[in-house]
Structures are given as structure tokens and as C-alpha cells.
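Below: the structure, in C-alpha cells.
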Amino acid sequence: MAIEIRETTRDQTRADLRIALEACAVRKIFRPARGLGAGGVAVRAVDDVSLTVRRGEIYGLLGANGSGKSTLIRVFSTLLTADAGEVRIFGYDIVRDELAVKRLINRVSVEASFFKKLSAMENLIYAGRLYGVAPDEARPKIREILRRLGIDPRRVSEPLEKLSRGMQQKIAIARAFLTSPMLLLLDEPTTGLDIRSKREVQTFVRDLRDEHDATILLTTHDLDEAARLADRIGILHQGRLVAEGSASELCARHGTGSLEEVFMTVTGRRLDESDDTGGGAGTE
Ligand SMILES: Nc1ncnc2c1ncn2[C@@H]1O[C@H](COP(=O)(O)OP(=O)(O)O)[C@@H](O)[C@H]1O
Ligand SMILES: [Mg+2]
């Protein structure tokens, strides 16, 4: 059940519907609050990033901690306003057409919030209601999604606080998918999960793309996940997009057989080193 895209404006008619997201020279700078004393520096969390996500694609933003992944996702999902640049989602400008954009996207972050005393089913039905999905319509859809996520049907009625973090994360993705978003923004969907849950979430993400005409933009600091899941990978380093391509294109371009080496070459450091420490680049 995909949301229909209405071609209402002239702009929209001209939009290329094969492009899910187009970002052009996006910049976000966090400035220290005034009056809190000296010592704060402005951080260029996202620095002149341009990228295109094609419809039906799984695009992986790969970067170390502090490289700007979440900031970029929050800009794309209209939670944060960029200082410069433009972003279009299925042709809609995220500032001028914010409401249309909000109908087309959904975002899941690692710190997804739930009513912990309520069950998975209750949380999802509640979320469905917020988006105008009636409980009777939502229930079978929820059961199917949870089944595909490998969640034991007996556990869907247990309070969420009794479930593992992995399970809760899967339920967060299921919740975002209830609205049938055209573009799903997943911020580190598998961080903190054990290998098995990781694989289940990855399979689920691929199924969403394959079977539901969904486009997925996800962030990760897991090289293996990027290589395994993403059709194209953008490497973020200190707020800048320093490389882009499929895993095999990136490897070929840098004359190496591993994404890890590509990462080291283009960023000068290992993925498990934070972008927040040392160097001082990324600040202004
Ligand atoms: N609300 C904020 N205020 C100030 N600095 C921030 C804020 N959010 C993120 N940052 C800084 O911006 C940079 C990028 O952060 P973030 O986008 O969270 O990176 P990632 O998701 O890749 O770990 C980091 O240096 C981080 O400390
Ligand atoms: Mg983050």
C-alpha cells in the first residue's frame, strides 16, 4: 500500500519520480549557545553534502561516530533546518513542501520511544491510529510485519520493557513501516544488536525494498552491513561526503578488495575511531 504521489504543482510535474531524494550542498553548523561562557566552538556537522538516492534503492551512509550521519538524517526528515543547501524528496522541497514531505517519509532512530508498559501490539496500534490507520486494518498488517521480523507471536502481547533491545528496535522499524512510507530513513538500525537480530533486521529492510516499493536511506558504522545491504554507499567523514558508489565500484576505484581499505584511504582513519576526537577538523 504505497502512498500515491499527487502531481499537483508545476514543479511536481517536472520532478523526476525515479529520484527519491536529492540533496544539494547541504550544510549544518552547530554553534555554541551565546552567554554560556567561552570555550565552545562551532561544529560543521554536515559540510556541503550533495547526494542522490534513487527510487527503490538502499543507500547506506557509512561513517564513524560523530561524522554527521544523524544530523544529515534529521535534516532530511525535517527535524532540523539546514543552514545552507536544498533537499528534495520525490520532487518536494523539504522546507517549502514540508507537509507533503512528511507524508512520504518516516524515520527510525536508535533511541526510538515507546510506551514501555504497553505491548508491541498496543504500541503499534496506537501509532497506526496517530497516522489514521484503523485498528482493524492495522492488526493483520502488524502481525505480518512482526512475523517477518522473526518476533515470536506469543511475545507481541508482553510489555515492551520485557523485550530485548533487538526486539524493540525491530518493532520500531515495523512501526515506521505501518505508514507505508515511500522513503524510510533508518538511523543506525542495527547498532547494538546481536548478530542474529542484525541479520533479521537487514533481511527485513531488504524485503521492504523488494516487496513494497520502498526506498531506504540508512546510516551505519558497520562496514559489513554497508557492503551487504546497500546498493550504493556514501562515506561521510567529518561532515563531508568523501566517496560514493557501490561497494564494488569503490573497491575498484581505489584498487583494493575491501571496503575497509577504501574507508582508510578516503578518511585516513579506521571506522572505529570517532570523528569527534583528535584532528579538530570539522570545527570552524
Ligand atoms: N544538537 C547538537 N548540538 C551541538 N553539536 C551537535 C549536535 N548534534 C550533533 N552535534 C555534533 O555534530 C557532529 C556530528 O554528530 P552526529 O550527526 O550525531 O554524528 P553521527 O550520527 O555520525 O555519530 C558531532 O561532532 C556532534 O558532536
Ligand atoms: Mg548518529
Side-chain angles (χ1 to χ4, degrees), residues 21 23 25-51 53 58-85 87 94 105-113 165-166 168-169 172-173 176 184-193 198 201-202 205 216-226 229-230 232-244 259-260 262-264 266-284:
L21 181 148
V26 174
R27 179 179 305 152
K28 179 71 198 178
I29 298 171
F30 291 110
R31 300 182 189 284
R34 258 176 276 163
L36 290 179
V41 283
V43 177
R44 278 173 181 259
V46 173
D47 195 2
D48 226 14
V49 169
S50 298
L51 60 87
V53 180
I58 299 179
Y59 187 107
L61 270 173
L62 177 68
N65 279 332
S67 60
K69 302 182 297 298
S70 297
T71 304
L72 194 52
I73 289 272
R74 290 169 74 208
V75 167
F76 291 162
S77 61
T78 76
L79 285 171
L80 273 181
T81 311
D83 295 298
V87 183
I94 59 165
I105 61 171
N106 213 332
R107 163 183 164 272
V108 181
S109 74
V110 259
E111 69 278 1
S113 60
R165 264 218 54 229
Q168 294 190 26
Q169 182 63 356
I173 297 176
L184 196 53
L185 304 165
L186 302 177
D187 195 5
E188 303 213 19
T190 67
T191 295
L193 303 189
K198 226 176 224 224
V201 169
Q202 289 168 352
V205 167
I216 289 145
L217 173 60
L218 61 89
T219 70
T220 181
H221 63 244
D222 180 338
L223 282 160
D224 182 54
E225 174 162 284
L229 198 54
R232 281 193 308 136
I233 297 164
I235 298 181
L236 264 189
H237 176 54
Q238 294 174 342
R240 291 177 161 269
L241 194 75
V242 291
E244 194 186 48
L259 200 52
E260 188 174 4
V262 173
F263 191 89
M264 297 261 285
V266 297
T267 67
R269 56 174 73 184
R270 287 160 46 97
L271 188 50
D272 50 17
E273 292 175 57
S274 166
D275 270 8
D276 272 338
T277 55
T283 57
E284 58 161 26

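Read the numbers this way: they start at 1 and go in the same order the structure lists the ligands and their atoms.
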Checklist entry - Would you say S70 has an N, O or S atom lying under 2.8 Å from the Mg ion (ligand 2)? => result yes

Checklist entry - Can you list every side-chain hydrogen bond (donor to acceptor under 3.5 Å, both in side chains) pair that touches residues 58-79, not counting sequence neighbours? => result Y59-E244, S70-D187

Checklist outcome for this item: For K28, the salt bridge (Lys or Arg N to Asp or Glu O under 4.0 Å) test, sequence neighbours excluded, returns none

Item to check | side-chain hydrogen bond (donor to acceptor under 3.5 Å, both in side chains) involving R232 - partner list, sequence neighbours excluded | outcome: E57

Item to check | Spacing of F30 atom CZ and R44 atom CZ [to the nearest 0.5 Å] | outcome: 13.5 Å

Item to check | L259 CG to I235 CD1 distance, which is reported to the nearest 0.5 Å | outcome: 5.5 Å

Checklist entry - Would a distance-only check, ignoring hydrogens and angles, find a side-chain to backbone donor-acceptor pair under 3.5 Å from H237 to V242? => result no

Item to check | Contact residues of ligand 1 (heavy atom under 4.0 Å), by chain and number | outcome: F30, V43, A45, A64, N65, G66, S67, G68, K69, S70, T71, D276

